[in-house]
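For reference, the structure discussed in these notes is given below.
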Amino acid sequence: MRKPKYNILTLASILMLLPLLAACGGDNGTSTPSAGAATGSGGSTPVMANTAVMANTPVMASTAVMTGTAVMTGTSNSSLTGKLEMFSWWSTGGEAAGLKKLYQAYNVTYPNVNIVNSAVAGGAGQDAHAVLNNRLQNNNPPDAFQIHMGHELIDGPVAAGQVEDLSSLYQSEGWTKTFPQGVLDIVSSTDANGTKHYWSVPVNIHRANVLWYNKKVFSDNNLQPPATFADFFTAADALKAKGIAALALGDKDSFAAPHLMETVLLGTLGADGWKGLWTGTTKWDDPKVTEALNTFKKMLGYINSDHASLSWDQANSEVISGKAAMTIMGDWANADYIAKNFTNYGWVNAPGTKGIYDALSDTFALPKGAPDRDNAIAWLKLAGSQQGQDIFNPLKGSIPARTDAGKPAAGQPSYNDYLKSAMSDWTKDTIVPSVVHGAAAKPSWVKDYTDAVNAFVTKQDVTATQSQLVTAAATAMGK
Amino acid sequence: MSQADTVMTAVAPYEPKKRRVRIDRIISIAVIAPSIIAIAIFVYFFIGASAYISVIDWNQSNYTNKFVGLQNYQQLFSTFRFQQDLRNTLFFTIAFLVVCLAIGLLLAILLDQKVKGEAIFRNIFMFPLAISFIVTGVAWRWLLSPGTAGDPHGVDQLFNLDPLTWTWFSNADSGIFSVALAAVWQMSGYVMAMYIAGLRAIPDEIREAARVDGATEWQVFRSIIFPLLQPITLSAVIILGHISLKIFDLVFAMSGHGPAFGTDVPALNMFDTIAANEYSSGAAIAMILLILVSILIIPYLIFNFRNEVKQ
């Protein structure tokens with residue numbers, strides 16, 4: 001009687017303690033720590049070493065330690081005092097390093113302004129949105145805040161009358177000429193009188209429609225990176241025959257599958273058809289949308305079986321290890337490859353999207369009632385300037401929104417090969433807004449779209465999903 | 001109260017004491033008042049505010065108070081995601097409650113057999129309660145992550161299971177039970193503690209008397225111990241039930257909404273909804289959660305109230 005009792009108790013104890021041990025041991029291999037975000041990190045170490053030397057005191061600014069930045073932003077200006085509270089979701093990796101560098105550049109010019117860095121961590125800024133919404137609604141705004149370019153801002157704080165119109169700043173800084181038309185269209189709204197209003201300053205540009213591939217897997221199987229859906233499926237069949245997952249997907253976080261679907265819609269409908277989906281000129285019950293859903297469904301036949309438990313960067317690791325051959329992800333994936341010391345990768349536009357730049361951008365906006373408005377305006381000017389963009393973007397792993405930027409000062413971090421190729425595309429491709437990343441539609445529509453696509457990944461019911469998307473569009477347009 | 005007053009007046013008919021009674025009452029009201037006011041504002045006012053927001057059309061960032069009745073609720077129930085939420089909540093609650101109660105009771109009975117080192121075992125079983133659901137979620141996410149085909153890890157690796165068959169929380173249909181497993185791991189020690197307290201409160205004399213009367217050990221449990229443990233079971237059901245209806249952190253850290261919303265719960269949906277500026281739809285989810293919890297708790301409160309009145 002006694003013995004079995006102890007056996008049960010001991011067994012139960014072991015079972016109870018097992019997860020604790022697992023927690024201590026951590027997991028080895030597949031899930032590398034990530035920001036869990038749609039925004040990558042990379043190459044921040046050399047910079048951090050640099051920043052340690054560059055304290056933001058006026059004395060240091062005049063010493064020889066200061067390179068490029070100080071020279072370019074000119075002499076120090078003590079007319080501005082007080083503080084500058086900058087709100088963002090950039091708390092780790094290259095993006096935090098880039099932001100810090102931008103702060104330093106600001107302090108070189110305005111040494112008497114004390115910068116308060118309010119960064120709320122969390123993937124793709126979702127938690128930051130919640131905090132920001134609260135602060136704006138309670139009339140307790142920061143001095144400037146980060147927000148995605150496009151409808152996330154225009155149907156959010158702009159519609160609620162919470163941000164200032166930056167049109168005069170656009171005129172005085174000449175930004176209407178230096179940002180490409182595609183971006184100017186997305187960051188602005190047109191009022192009833194036909195006047196354009198600009199609402200935020202784009203600091204960087206990320207690209208969503210990129211197909212990344214493992215060069216070794218492709219050369220081992222004598223494959224060429226696909227340009228069309230037909231090419232993609234030919235390659236995918238060859239890879240499937242070898243037991244390799246053609247396409248890595250990590251849709252644990254809700255943006256990844258809708259992101260893939262976005263590139264499929266874009267590749268099927270083309271730039272104008274895609275833009276029309278969000279303005280009402282393309283109908284969601286269009287046969288082309290059905291075709292896109294069917295293509296997406298077919299693609300799901302070639303993905304890794306464990307996609308549902310991976311995040312996007314873990315899906316990237318599948319490509320690195322060669323278990324998967326390709327992945328379609330935004331260009332923050334580039335920073336992830338660099339951070340993981342993987343070099344044997346290549347990139348092409350996602351199938352069918354040649355000549356199209358599916359863009360998303362982080363922008364800075366000025367809330368109404370900002371406590372330190374002058375300091376914030378000086379900050380926006382720096383963020384929109386050529387030197388500001390070239391300070392920030394090489395570290396963030398994105399390209400500058402200005403077409404005349406891309407020339408970092410000597411001694412400063414420079415753009416890597418991918419970013420150089422993206423910059424050349426940026427000046428000649430057709431720019432379209434990304435929906436998953438806030439540019440093309442308002443947040444409630446984005447949620448309805450992502451919910452429908454995420455259910456589709458498992459249910460794969462084309463008719464039901466298309467009717468959900470039609471309803472979502474009707475709901476969003478009706479308001 | 002009126003009874004107490006008459007007694008007081010009868011015993012102490014003269015003025016000074018009467019005044020003291022009045023002062024006592026004023027003091028007692030003054031002491032309770034802050035919490036009554038705070039509860040009125042921070043609980044009932046906000047419930048009212050949520051109820052109001054759920055019937056207006058505030059589904060964009062600028063506030064509008066156009067009354068739309070139950071339209072937000074209608075729309076909610078028509079979405080696939082919310083239907084999945086309700087299904088998952090039902091499955092999760094049943095699995096979590098039943099397994100937690102069973103394990104808790106079993107452990108309590110075993111520990112109640114006057115075993116050596118009881119304190120050590122008791123503490124081990126109580127350990128998981130000391131950590132937050134977030135930590136539990138992260139640890140179990142690692143354990144139950146199925147790994148890639150041909151390269152299993154976590155539990156699949158430990159027990160040599162095929163990760164294609166044992167997909168745990170990445171399964172669209174049964175994923176929610178894996179989340180329930182983690183919740184059971186965390187909360188069954190708590191149920192055990194409740195049952196131990198209940199068992200210790202049962203006097204040995206009653207059991208002895210039953211045994212003297214020739215009852216078998218099973219009969220002692222069935223006819224004496226289980227009926228006496230009923231109030232404990234009821235309390236445990238209420239406590240676990242409202243945890244499981246409102247669960248958010250564990251799911252958020254462990255599996256997210258899962259494939260085809262297989263592990264989604266209403267609280268997670270509410271979070272995403274409000275993040276998308278759909279405040280009215282979010283408030284509607286909150287109201288539905290409140291109603292679900294009320295269905296569980298109000299009968300319990302009535303039951304308790306009647307018992308108190310009887311006494």
Reported CZ-to-CG distance for the pair B/F261 and A/D451, which is rounded to 0.5 angstrom: 4.0 Å
Value rounded to 0.5 Å, distance of CD in B/Q75 from CG in A/D448: 7.5 Å
Criterion side chain to side chain contact (heavy atoms under 4.5 Å, CB included) on B/Y279 and A/N133, from CA distance to verdict: CA-CA 11 Å; B/Y279 301 102; A/N133 277 343; 3.4 Å; yes
OH (B/Y63) with more than 12 external heavy atoms under 6.0 Å: yes
Atom pair OG/NZ of B/S255 and A/K252 - distance to nearest 0.5 Å: 7.0 Å
Gap separating the OG1 atom of A/T450 from the NE2 atom of B/H257, nearest 0.5 angstrom: 7.0 Å
Pairwise side-chain contact, B/P259 with A/T458, heavy-atom cut-off 4.5 Å (strictly under): yes
Residue among B/D264, B/I120, B/T79, B/T273 with most heavy-atom pairs under 4.5 Å to chain A: B/T273
Proximity breakdown for A/Q137 and chain B, heavy-atom pairs closer than 4.5 Å: side chain
B/Y190 atom OH, over 12 foreign heavy atoms within 6.0 Å: no
Choice from A/G161, A/A160, A/A464 maximising heavy atom contacts with chain B below 4.5 Å: A/A160
Interchain contact, B/M254 with chain A, by part (heavy-atom threshold 4.5 Å): backbone
Beyond-backbone contact of B/N59 with A/S444, side-chain heavy atoms, under 4.5 angstrom: no
Under 4.5 Å from a heavy atom of chain B, the part of A/A159 involved: both
A/K447/B/N269 under side chain to side chain contact (heavy atoms under 4.5 Å, CB included): CA gap, chis, key distance, verdict: CA-CA 10 Å; A/K447 176 178 179 284; B/N269 191 352; 3.7 Å; yes
Chain B contact via A/D251 - which portion, at a heavy-atom distance below 4.5 Å: neither
